Amino acid sequence: MHWPHALTDRCLELLLPRMSALRVIDIEIYEHDSLYVQINKLDLHIVAHHCPLLSELNLKAFRVSEPTLQRLCLRCPRLEVVTMNNNCSDECVKVMVLNQRRLRSLTICSPAGRCEWLATLPASVQRLTLHHWREREPGYIKHVAQCPNLRELDLSFSTIQFTSHLKLVLTGCVQLQRLVLAGTYWYRSNSRLATLLEAAPASLRELDISDVTSVTAEDLAAGLASCTRLERLSAAGLVLPPEGCLPVTGLPALRHLNLRRAEALTDTTLRRLPALLPGLYTLNINFCRLVSEEGLRCVRELPQLRALHLAGVPCVSSDVLDCLGDQPLAELELGCSETFPKQVGAEAVQSLVLRCAKLRRLTLYDRLSRVRAVVHALAGQLARERTVTLVLYPGFPSRLPRTDGPLRLTDTASLRPPRV
């Protein structure tokens with residue numbers, strides 16, 4: 001739940017005694033709440049007293065200290081998924097990892113200190129997230145290699161000083177399936193990213209290197225060549241031509257590719273994708289502004305493509321939609337009020353949906369008046385055996401006529417954001 005300003009210790013005292021079987025407490029805090037939360041954080045003792053069966057807890061909205069965490073661990077021995085509060089001290093995190101030996105997932109943003117607690121992580125940990133982490137000597141991150149069950153490691157927006165320590169982690173965690181390095185800053189040399197990827201275990205299926213800068217195309221291609229079983233790659237914000245960053249032999253196992261905001265993506269990229277990534281299922285090129293209609297027609301050469309994201313791509317036209325109508329797409333994303341051409345009318349969208357028989361979800365970011373025209377054009381046109389979900393800007397569905405039958409309306413706030 002989102003942090004409501006009316007949620008106080010008194011509210012918790014009234015609510016939690018009626019929820020003795022509660023298993024999850026996740027009170028999310030957004031940036032505009034930060035000042036309020038600093039003054040009005042909640043009492044963790046209340047949770048410890050009333051929720052003995054708790055298995056998942058987000059601590060960002062609570063007052064945290066070593067004694068309160070010790071009491072929490074004593075009263076809630078089943079805790080397995082924990083999100084620590086921002087800038088949490090080494091001592092507080094150490095209390096958690098030493099007392100919760102069944103811990104499966106630990107998330108910390110901007111951890112303070114040297115993260116000595118990394119040396120005491122229980123072997124049960126499967127997911128470790130360290131956002132905005134800054135590596136310091138003596139490199140406690142290397143102790144993560146002693147977590148044999150680790151499957152996900154997320155170091156988004158962190159500063160990495162010693163690639164050798166991370167190499168030890170990748171070598172030791174033979175079950176690692178997901179590695180997130182989005183926005184990481186490499187203190188000495190970004191070219192070491194290739195060396196790091198060469199140490200990745202064969203189990204690696206998902207890699208996120210979004211917004212990683214100053215890496216050469218040759219080094220990245222060499223590193224990806226080692227990830228032969230990679231199924232999901234996110235390189236949003238890539239500043240290099242994507243076709244030069246892929247191995248010359250391609251990535252036959254890759255199914256999902258996110259190149260959102262890749263400023264060097266051109267028609268050349270789209271022409272080469274069918275040969276390099278023949279098994280591609282999802283392609284996200286949102287806000288890639290250098291492609292043309294001719295380039296978009298190349299996606300027809302991807303035989304397995306089922307999901308295509310084109311929001312913020314200026315060249316999308318009625319001709320492009322007509323071309324896509326023959327594709328077996330299950331999901332399509334279009335629009336962005338600033339770039340979606342006015343000449344692409346409701347009739348073109350209607351024709352696309354009716355011709356693309358396998359389409360199940362259409363995300364349309366556009367002005368309310370044009371969305372209303374699309375809904376009106378599709379009303380009563382879909383076969384009863386079909387179900388098409390139209391995903392819109394938050395608040396739009398409530399301002400449109402109610403639709404019954406195969407056409408369903410929802411908004412982005414109601415959906416879990418996709419990884420790609």
Side-chain angles (χ1 to χ4, degrees), residues 1-3 7 9 12 24-31 33-48 51 54-122 124-144 147 150 152-161 165 169 180 182-185:
M1 66 182 293
H2 170 230
W3 174 275
L7 187 59
D9 289 345
L12 290 183
V24 178
I25 296 180
D26 185 3
I27 304 174
E28 189 56 65
I29 300 174
Y30 299 143
E31 282 189 26
D33 294 318
S34 58
L35 180 59
Y36 178 89
V37 172
Q38 288 174 13
I39 303 172
N40 300 279
K41 284 195 173 183
L42 301 170
D43 188 354
L44 191 57
H45 283 301
I46 302 173
V47 174
C51 303
L54 204 62
S55 62
E56 182 173 342
L57 177 61
N58 185 337
L59 289 166
K60 289 183 179 180
F62 293 91
R63 297 189 295 273
V64 172
S65 65
E66 292 178 61
T68 58
L69 286 175
Q70 288 173 349
R71 176 177 171 81
L72 176 74
C73 293
L74 180 64
R75 298 281 300 182
C76 305
R78 300 187 181 187
L79 268 179
E80 296 182 350
V81 180
V82 175
T83 299
M84 302 295 294
N85 54 336
N86 295 353
N87 303 301
C88 196
S89 68
D90 269 9
E91 291 73 19
C92 286
V93 184
K94 193 170 184 178
V95 169
M96 181 61 67
V97 299
L98 286 177
N99 290 278
Q100 295 292 351
R101 305 311 289 178
R102 298 172 56 178
L103 199 64
R104 291 188 298 105
S105 175
L106 179 63
T107 299
I108 306 177
C109 183
S110 303
R114 297 191 299 175
C115 296
E116 298 179 16
W117 50 268
L118 286 168
T120 60
L121 281 174
S124 60
V125 170
Q126 298 178 13
R127 184 176 187 271
L128 177 62
T129 301
L130 294 175
H131 289 171
H132 300 278
W133 161 71
R134 183 180 179 86
E135 184 181 16
R136 297 177 173 88
E137 283 282 16
Y140 287 100
I141 188 68
K142 61 189 176 185
H143 294 289
V144 176
C147 298
L150 191 70
E152 297 186 26
L153 178 61
D154 187 343
L155 300 177
S156 299
F157 306 103
S158 297
T159 299
I160 298 173
Q161 186 170 359
H165 295 162
V169 174
V180 181
T184 51
Y185 173 70

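Since we're looking at a predicted model, the values are computed, not measured.
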Look up atom [atom1] in [X] and atom [atom2] in [Y], then write down how far apart they are to the nearest 0.5 Å.
{"X": "L69", "Y": "E66", "atom1": "CG", "atom2": "CD", "result": "8.0 Å"}
{"X": "E116", "Y": "E91", "atom1": "CD", "atom2": "CD", "result": "8.0 Å"}
{"X": "R75", "Y": "H45", "atom1": "CZ", "atom2": "NE2", "result": "11.5 Å"}
{"X": "C147", "Y": "L128", "atom1": "SG", "atom2": "CG", "result": "7.5 Å"}
{"X": "I160", "Y": "Y185", "atom1": "CD1", "atom2": "OH", "result": "12.0 Å"}
{"X": "D9", "Y": "L44", "atom1": "CG", "atom2": "CG", "result": "10.5 Å"}

Are [X] and [Y] packed together at the side-chain level, in the sense that at least one heavy-atom pair is separated by less than 4.5 angstrom?
{"X": "P122", "Y": "V97", "value": "yes"}
{"X": "C88", "Y": "N85", "value": "yes"}
{"X": "I27", "Y": "N58", "value": "no"}

side-chain hydrogen bond (donor to acceptor under 3.5 Å, both in side chains) contacts in which one or both residues fall within residues 94-103, not counting sequence neighbours:
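Qualifying pairs, neighbours excluded: E80-R102.
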
Between L121 and L150, is the side chain to side chain contact (heavy atoms under 4.5 Å, CB included) condition met? List the steps.
CA-CA 11 Å; L121 281 174; L150 191 70; over 6 Å; no

Could you tell me whether the side chain of [X] and the main chain of [Y] form a donor-acceptor pair under 3.5 Å?
{"X": "D90", "Y": "W117", "answer": "no"}
{"X": "S158", "Y": "W133", "answer": "yes"}
{"X": "R63", "Y": "K41", "answer": "yes"}

Show the numbers, then the answer: is there a side chain to side chain donor-acceptor pair (under 3.5 Å) between R127 and T129?
CA-CA 7 Å; R127 184 176 187 271; T129 301; 3.2 Å; yes

So which atom in [X] and which in [Y] form the shortest heavy-atom distance, rounded to 0.1 Å?
{"X": "A48", "Y": "C76", "answer": "CA-SG, 4.2 Å"}
{"X": "L79", "Y": "E56", "answer": "CD2-N, 3.9 Å"}
{"X": "F62", "Y": "V47", "answer": "CE2-CG2, 3.5 Å"}

Between V125 and L106, is a side chain to side chain contact (heavy atoms under 4.5 Å, CB included) present by the stated rule, with each step listed?
CA-CA 8 Å; V125 170; L106 179 63; 5.6 Å; no

Set out, in order, the CA-CA distance, both residues' side-chain angles and the distance that settles side chain to side chain contact (heavy atoms under 4.5 Å, CB included) for F157 and H131, then state yes or no.
CA-CA 6 Å; F157 306 103; H131 289 171; 5.7 Å; no

Quick one, M96 with L72, criterion side chain to side chain contact (heavy atoms under 4.5 Å, CB included). Give me CA distance, side-chain angles, the key distance, then yes/no.
CA-CA 9 Å; M96 181 61 67; L72 176 74; 4.1 Å; yes

Candidate list V64, T83, I108, test side chain to side chain contact (heavy atoms under 4.5 Å, CB included), partner L59, passing option:
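Testing L59 for a side chain to side chain contact (heavy atoms under 4.5 Å, CB included) against V64, T83, I108 leaves exactly one candidate, V64.
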
